[in-house]
Protein chains: 2
Amino acid sequence: MGGGGMDSETHNADNGGDERFKSKNLEAERRRRKKLGDRQLELRALVPNITNMTKSTIITDAITYIEELKLTVEELGNQLLQMEATSVDEEKIKLKEIDDEKEMKKHGIKVEVEAEVNHICGTKLWIRVVFQKKRGALTKLMEAISLLGIDLIDTTITTSRGAVLFTSFGQGIRAGLPEADQMRKYLLEIIRD
Amino acid sequence: MGGGGMDSETHNADNGGDERFKSKNLEAERRRRKKLGDRQLELRALVPNITNMTKSTIITDAITYIEELKLTVEELGNQLLQMEATSVDEEKIKLKEIDDEKEMKKHGIKVEVEAEVNHICGTKLWIRVVFQKKRGALTKLMEAISLLGIDLIDTTITTSRGAVLFTSFGQGIRAGLPEADQMRKYLLEIIRD
DNA sequence: TTAAACACGTGAATC
DNA sequence: TGATTCACGTGTTTA
């Protein structure tokens, strides 16, 4: 930590222990340097990727760090935008489902799920299911019916005011078809989820 | 732009017009200052919110800017994480779709396939599919239609002599409904596989 | 030793 | 004016 450029040759032998000249801004300049040094230290502490301790490199590292952060922000923003764009449809669907639910309630359809299974003759049967419209519900219902071993001969599906009416005439393909009431309860469970 | 702290009192009258002393590192120090100044300028150019042109404030502004960027990155990351968490279902659906496709190929419906998709008005459309009866085929078809973003308003399914006639009146729930012919080909692929 | 980095005190400039 | 900032040349330290 060397002394400054203050002229060291003009040593004052005549002035004794007194100070030589003392610029007015000497102390102020010291404060300024101190402050600046502190700032640089703070900046250095904030930047993670430090290549060197020198003053120039601190600033350089800070620059590269800022650029990295900017890039990261941009990338994240893009990803988020893309995500939002793709999930807009999902949101719409959900909103539509809510609308369906509200509409259904508005029209006083209180019965959430209703199922009826009737044997007709032999393995022939008749199914009627009423439920609130919901994504995947119909597919699950048909899958369940298929798993019960029922072949759908003639089916009508009608959607109205957020409700779905499923009516079908079918036939069991296996010998041991379950009881009607059992099937009904099973289908109810499926639809109720 | 004043001259430096070089001792001005030790003025050399004897050396005439020649340079006075010229420290060895004078030029190097000039280069160093130049470089440092350039870095600071670069940093200043990179930071948008500049409160003051002074050297200290440039660094201060850079610090606050970095902190802002960090915060922004964190926020965006959290949002993205949340979004990804909510869109996991979407991924699951897609994976399930692939699985179902494989399973469908295992079951296989190879003959007698016919599909027709007609736009009616806006997102409303009419679908007709004829195919050979096979276990699970109907379920897959309905799931495919659901995946296309089509709400089935009114549907009739009739089975006769091993063939299935599927007729439906539906409506797209998403904005970007594919072209009729495209959907037709998609349904054909689903059924044929 | 050389070369680079640094802190210092100072004069000038800016507000 | 007075307070503050800056660039400069220098001596010293460090690698």
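Reminder, nothing fancy here: chain letters follow the sequence lines and each chain counts from 1. Just so we're clear, the structure is a prediction, and the values are computed from it rather than from any experiment.
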Sorted by position of nearest nucleotide on DNA chain D, 5' first, the leading residue of L26(B) and M53(B) is M53(B)
Tell me every residue that passes side-chain contact (heavy atoms from CB on, under 4.5 Å) with [X], counting only those two or more places apart in sequence or in another chain.
{"X": "L41(B)", "value": "R44(B)"}
{"X": "S168(B)", "value": "L152(B), T155(B), F166(B)"}
{"X": "T72(A)", "value": "L76(A), V73(B)"}

If a pair satisfies salt bridge (charged side-chain N to carboxylate O under 4.0 Å, His left out) and one of its residues is in residues 57-69 of chain A, list it, with sequence neighbours excluded.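 Passing the test, one end in residues 57-69 of chain A: no pairs.
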Is there any salt bridge (charged side-chain N to carboxylate O under 4.0 Å, His left out) pair reaching into residues 24-33 of chain B, and which pairs are they, with sequence neighbours excluded? E29(B)-R32(B), E29(B)-R33(B)
With sugar-phosphate meaning primed atoms plus P, OP1 and OP2, does K24(B) contact a base, only sugar-phosphate, or nothing at under 4.0 Å between heavy atoms?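 The answer is nothing, as K24(B) stays clear of every strand by at least 4.0 Å.
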With a 4.0 Å limit, can you tell me whether T54(B) has a side-chain N or O closer than that to the phosphate oxygens OP1/OP2 of dC6(D)? yes
Got a donor-acceptor contact below 3.5 angstrom from the T60(B) side chain to the S56(B) backbone? yes
Is the base of dG11(C) touched by the side chain of N25(A) through a donor-acceptor pair closer than 3.5 angstrom? yes
For DNA chain D, the residues among residues 27-41 of chain B that have a non-hydrogen atom under 4.0 Å from it: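 Listed by number, they are E29(B), R30(B), R33(B).
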